[in-house]
Protein chains: 2
Amino acid sequence: MVYHKTEKIIEKQQSRKRKILNAAREILAEKEMGSTSIKAIAKRAGIATGTFYLYFKDKDALIDVLLKEIYKELLDIIKKERAPFTNGFDKLEATMKACIDTFMGKKHLAKILLDLSPQNNTVFNTKFSDIINDLISFTKIDLDELMEQQLIPEQDTLVSATAFVGAFREVILYWINSDEPLDIDLAYKTLINFNMRGLGKN
Amino acid sequence: MVYHKTEKIIEKQQSRKRKILNAAREILAEKEMGSTSIKAIAKRAGIATGTFYLYFKDKDALIDVLLKEIYKELLDIIKKERAPFTNGFDKLEATMKACIDTFMGKKHLAKILLDLSPQNNTVFNTKFSDIINDLISFTKIDLDELMEQQLIPEQDTLVSATAFVGAFREVILYWINSDEPLDIDLAYKTLINFNMRGLGKN
DNA sequence: GCAAAAAATGAATATTGGTTCAATTTATAA
DNA sequence: TTATAAATTGAACCAATATTCATTTTTTGC
């Protein structure tokens, strides 16, 4: 005799999976990041530790899903904000603004995507640097276009893209970990100008 | 009856402490950074695990000494390279060049000082971000001076300094972790130009 | 309501890595 | 050379966490 899940059970299980993911997000985003234990996550999700393993193969599987999920959220926002523009500089600026707004609005997301306080967890490290490399690649595409159109001087666009992302990341992390700057407008403008000038925009 | 160490023994012990520190450097600089265990360090240093505790109170003490040591090495180099210059831009450029040369020459040093693959080791995290914050502070001093002299436009110098260091760090780490760029000259010039233009140098 | 199946539980197990310590080896000073 | 101090060793201990599994609870289909 084979039993089938009822609609209600399916929903309950989906909700549980969501609860686990949210609990993990919360805990990952928290200050010391020391307590990213399955026990802690399970507890916060309101389930027994063993139950976790009914929903995820192991800890790595959770991190994989989690990172993919929040990375997709970010990309969707960026995509949406870039859509109105065709000019390369405008697109880059829109990207930066979208990121700043998103990260400052959802600091937990920034903490997870930009900060690297991985355990000695290999999977996390790998996934994480994949994301940063992705962001660099996307930026490089814009830069190659701008250089093609001779709107920025001859340069190693991979290096510029890396510097661009690095500058951005360091500043956002600084804001996340310490306090936000007093004069937010000036700070925003400084960061965006720094990167735009860095590329060689006149 | 109290015995006194002979010269030979003192030397042997100093050499052992050095060996431990070097072993720790090597292991910390290694790819996956998973095996920064005392056992591994002791093994590489050619001593028993228990012996480690005759030379360092605990793991934190080792990390403390280690980071201080290599940070000092870097600062000494920077200081020396900056010495000939008085102009703010020149000093900044000298700093960058010194760092690039040092880091590319001693990649293990870069890996430890710039990369952050800390365990969930609180001490390491703290010491580490202290160093980065230090570098940002030093840069800010230069920028304040330049802004004072109206050589760069009005800006939030803390933000610029942070962006400056972030851009730099991301690029160096990229070079360390992947391969160095094909056209090194162009790459160097791109990085330095990016940062100098970013500040608003005409 | 009942028996089989599925899901959930959390104590037990396994693993990893820091630290200790009784036993051993080496060094000192007469 | 010998008695004692100091240094070294590495197995044992401990703590923290990921993972498993025998037991219990809930759900399903009748």
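The sequence lines fix the lettering, A, B, ..., with proteins before strands; numbering per chain opens at 1. Scope of the values below: all heavy atoms of this structure, side chains included, with no hydrogens, waters or symmetry mates. Note that the coordinates shown come from a computational prediction; the quantities given were computed from them, not determined experimentally.
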**Complete:** Of the candidates D:dT19, C:dT19, D:dA6, the side chain of B:Lys59 sits closest to C:dT19
**Message:** Checking B:Phe52 now: which residues fulfil ring pair (Phe, Tyr, Trp, His ring centres under 6.0 Å) with it, not counting sequence neighbours?
**Reply:** B:Phe56
**Fill in**
Applying salt bridge (charged side-chain N to carboxylate O under 4.0 Å, His left out) to A:Lys12 and not counting sequence neighbours gives none
**Asked** Nearest of C:dG18, D:dG29, D:dT19 to any side-chain atom of B:Lys39?
**Response** C:dG18
**Request:** Let me know the distance between CD1 of B:Ile47 and P of C:dG18, rounded to the nearest Å.
**Result:** 14 Å
**Prompt:** Which nucleotide in the list D:dT9, D:dG29, C:dT9 gets nearest to the side chain of A:Met1?
**Reply:** D:dG29
**Request:** For B:Thr49, check side chain to side chain contact (heavy atoms under 4.5 Å, CB included) against everything at least two apart and list the hits.
**Result:** B:Lys39, B:Ala42
Give the table of side-chain donor-acceptor pairs shorter than 3.5 Å for residues 19-27 of chain B, with sequence neighbours excluded, one pair per line with atom names and distance.
residue, atom, partner, partner atom, Å
B:Asn22, OD1, B:Arg18, NH2, 3.3
B:Arg25, NH2, B:Glu69, OE1, 3.1
B:Arg25, NH2, B:Glu73, OE2, 2.6
B:Glu26, OE1, B:Arg44, NH1, 2.8

**Request:** For B:Tyr3 and for B:Ala48, find the nucleotide of DNA chain D with the closest heavy atom, then tell me which residue's nucleotide is more 5'.
**Result:** B:Tyr3
**Prompt:** When you match B:Val2 and B:Asp58 each to their closest nucleotide on DNA chain C, which lands nearer the 5' end?
**Reply:** B:Asp58
**Prompt:** Could you state the NZ-P distance from B:Lys5 to C:dA27, rounded to the nearest angstrom?
**Reply:** 14 Å
**Message:** Between A:Asp76 and A:Lys80 (salt bridge meaning N to carboxylate O under 4.0 Å), is one present in this structure?
**Reply:** no
**Euclidean distance, atom CD of residue A:Glu7 to atom P of D:dT27 [Å, nearest integer]** = 15 Å
**Asked** Roughly, in whole Å, what's the span from NE2 in B:His4 to P in D:dA7?
**Response** 12 Å
**Request:** May I have the step-by-step check of salt bridge (charged side-chain N to carboxylate O under 4.0 Å, His left out) for A:Lys189 and A:Asp185, ending in yes or no?
**Result:** CA-CA 6 Å; A:Lys189 207 181 287 172; A:Asp185 281 340; over 6 Å; no
**Prompt:** OP1 or OP2 of D:dA7 sitting under 4.0 Å from any side-chain N/O of B:Arg16?
**Reply:** no
**Item:** Pairs satisfying ring pair (Phe, Tyr, Trp, His ring centres under 6.0 Å), at least one member in residues 154-184 of chain B, at least two apart
**Value:** B:Trp175-B:Tyr188
Output a table of donor-acceptor pairs, distance under 3.5 Å, between side-chain atoms of residues 97-105 of chain B and any protein atom two or more places apart or on a different chain; print 'none' if there are none.
residue, atom, partner, partner atom, Å
B:Lys97, NZ, B:Glu93, OE2, 3.2
B:Thr102, OG1, B:Ala98, O, 2.6

**Prompt:** Considering residues at least two apart in sequence or located in another chain, which fulfil the side chain to side chain donor-acceptor pair (under 3.5 Å) criterion with B:Lys57?
**Reply:** none
**Request:** Output the residues of residues 49-57 of chain A in contact with DNA chain D, where contact means a heavy atom of the residue under 4.0 Å from an atom of the strand; sort by number or write none.
**Result:** A:Gly50, A:Tyr53
**Message:** Rounding to an integer number of Å, can you tell me how far B:Lys19 NZ sits from D:dT8 P?
**Reply:** 12 Å
**Asked** Can you check the A:Ile20 CD1 to C:dT9 C1' distance for me, whole Å?
**Response** 13 Å
**Message:** Of the listed nucleotides (C:dG18, C:dA7, D:dG10), which one gets closest to any side-chain atom of B:Ser37?
**Reply:** C:dG18
**Item:** DNA chain C-proximal residues of residues 8-15 of chain A, any heavy atom under 4.0 Å
**Value:** A:Gln13
**Prompt:** For B:Ile38 and D:dA12, what is the distance between atoms CD1 and P respectively, to the nearest whole Å?
**Reply:** 20 Å
